[in-house]
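Reckoned from all heavy atoms, side chains included, excluding hydrogens, waters and symmetry mates. A, B, ... follow the sequence lines: proteins, then strands. Residue 1 opens every chain.
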Number of protein chains: 2
Amino acid sequence: MEMIPAKEIHAAAEGLRGLAHETRLSVLCHLLQGPMCVQQLIEATGTSQSNLSQHLAKMRLMGILVNEKRGQQVFYRIANPAFEQLIMALKAIYCPGMCGQSGEGR
Amino acid sequence: MEMIPAKEIHAAAEGLRGLAHETRLSVLCHLLQGPMCVQQLIEATGTSQSNLSQHLAKMRLMGILVNEKRGQQVFYRIANPAFEQLIMALKAIYCPGMCGQSGEGR
DNA sequence: GAAATATATTAGAATATAATGATTAGTCGA
DNA sequence: TCGACTAATCATTATATTCTAATATATTTC
């Protein structure tokens, strides 16, 4: 029914790879609530500064996030609001029963 | 807004890893149209038998697909209809303008 | 039961991804 | 300019993923 055309499969798979990691997915979820600076994300995700910075760089280069420097802090936010739908779809699959989704497995 | 609780982040990230590959994503897309046997999937994806079989095994073990043997053929189908939403969300991000989505970036 | 067909499994090498620790580069205030 | 702070980058090692080729397991047909 809802196929992704072959041409876009590569981009979509790459995009999924950009989220297919606990830390990066966690970052995305936190940013759904609004922009945050790196400090806050370090605390929110419990990752080392270096490691988080590399994950943020990856998400930035992939176009998932955009950043903005304010003073000595760097704020990150989600580049495309459509990612929210993706998170909702993920929730429908992995948190069945806790969202207002109509149908859950079985 | 739509956060995934910390407990489920791991499962969701792992689930994303299960789709974060051209071949597996392509398989999922094809199966949206209905169950298919391995033969058909080999042709549809253009992958070698061995390689595809390994991808199918992974998706099966992860609970993304289920299979059913019929004679000497094995048919695969999507385990959870909720994956359709995920594909739609991906389309909204990577194929903007080609789906009936209400809002697309810019 | 031998040959053909459909699929799965295994082992290995190639490649990609991730984490750590050390270092670097701006920004701010004294 | 010095010291503290925030963030990025680099090099290295560790780990995971992917592909290929070979082989194994069923099933069907003869």
Side-chain angles (χ1 to χ4, degrees), chain A residues 6 9-31 34-79, chain B residues 6 9-31 34-79:
Chain A
I9 285 282
H10 177 70
E14 189 164 279
L16 283 176
R17 256 173 258 137
L19 300 180
H21 188 283
E22 280 75 357
T23 301
R24 293 195 296 273
L25 187 56
S26 179
V27 163
L28 188 73
C29 284
H30 283 288
L31 292 181
M36 293 173 77
C37 73
V38 179
Q39 284 279 313
Q40 296 171 300
L41 287 170
I42 287 174
E43 289 175 34
T45 62
T47 321
S48 77
Q49 185 270 318
S50 171
N51 193 6
L52 181 64
S53 184
Q54 289 174 81
H55 284 298
L56 290 174
K58 178 168 217 166
M59 296 175 86
R60 192 176 0 107
L61 292 173
M62 297 185 86
I64 300 170
L65 304 181
V66 295
N67 63 356
E68 181 189 353
K69 193 160 192 171
R70 265 195 260 168
Q72 58 189 326
Q73 289 171 319
V74 177
F75 282 78
Y76 280 84
R77 62 183 169 80
I78 297 175
Chain B
I9 284 282
H10 177 70
E14 189 164 280
L16 283 176
R17 256 174 259 138
L19 300 181
H21 187 283
E22 281 74 357
T23 301
R24 292 194 296 271
L25 186 55
S26 179
V27 163
L28 189 73
C29 284
H30 283 288
L31 291 182
M36 292 173 77
C37 72
V38 178
Q39 284 278 312
Q40 297 171 300
L41 288 170
I42 288 173
E43 290 175 33
T45 63
T47 322
S48 75
Q49 184 269 317
S50 170
N51 193 6
L52 181 65
S53 184
Q54 287 174 83
H55 283 299
L56 290 174
K58 179 170 217 164
M59 296 175 86
R60 195 178 355 111
L61 291 173
M62 298 185 84
I64 300 170
L65 304 181
V66 293
N67 63 357
E68 180 189 354
K69 193 159 192 171
R70 265 195 261 167
Q72 59 188 325
Q73 290 172 319
V74 177
F75 283 78
Y76 279 84
R77 62 184 169 79
I78 299 174

Can you pull out the residues from [range] that lie within a 4.0 Å heavy-atom distance of DNA chain C?
range	value
residues 38-51 of chain A	Ser50(A), Asn51(A)
residues 10-18 of chain A	Arg17(A)
residues 70-77 of chain B	Gln72(B), Gln73(B), Val74(B), Tyr76(B)

**Message:** By the salt bridge (Lys or Arg N to Asp or Glu O under 4.0 Å) test, which pairs, at least two apart or in different chains, include something from residues 57-74 of chain A?
**Reply:**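 Listed once each, the pairs would be none.
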Can you name the residues that form a side-chain contact (heavy atoms from CB on, under 4.5 Å) with [X], not counting sequence neighbours?
X	result
Glu43(A)	none
Gln49(B)	Ile42(B), Ser53(B)
Ala44(B)	His30(B), Met36(B)
Glu14(A)	His10(A), Arg17(A), Met62(A)

Roughly, in whole Å, what's the span from NE2 in His21(A) to C1' in dT17(C)?
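Answer to the nearest Å: 8 Å.
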Item to complete: Strictly below 4.0 Å, heavy-atom distances to any atom of DNA chain D: list the hits from residues 52-68 of chain A, or just say none.
Response: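 Ser53(A), Gln54(A), in order of number.
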Under the criterion side-chain contact (heavy atoms from CB on, under 4.5 Å), I'd like the reasoning laid out for Tyr76(B) against Gln40(B): C-alpha separation, chi angles, the key distance, then a yes or no.
CA-CA 10 Å; Tyr76(B) 279 84; Gln40(B) 297 171 300; over 6 Å; no
**Report entry** Qualifying residues under side-chain hydrogen bond (donor to acceptor under 3.5 Å, both in side chains), relative to Thr47(A), sequence neighbours excluded
**Finding:**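 Applying side-chain hydrogen bond (donor to acceptor under 3.5 Å, both in side chains) to Thr47(A) gives Thr45(A).
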Notebook entry, point to check: Under the side-chain hydrogen bond (donor to acceptor under 3.5 Å, both in side chains) test, which residues partner His55(A), sequence neighbours left out?
Noted result: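 Per chain and number, His55(A) pairs via side-chain hydrogen bond (donor to acceptor under 3.5 Å, both in side chains) with Arg24(A), Asn51(A).
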What's the spacing between [X] [atom1] and [Y] [atom2] if we round to 0.5 Å?
X	Y	atom1	atom2	answer
Leu52(B)	Thr23(B)	CG	OG1	7.5 Å
Leu56(B)	Leu65(B)	CG	CG	6.5 Å
Leu61(A)	Met59(A)	CG	CE	11.5 Å

Could you go through Val38(A) and Asn67(A), starting from their C-alpha distance and side-chain angles, then the distance that decides it, and tell me whether this counts as side-chain contact (heavy atoms from CB on, under 4.5 Å)? CA-CA 10 Å; Val38(A) 179; Asn67(A) 63 356; over 6 Å; no
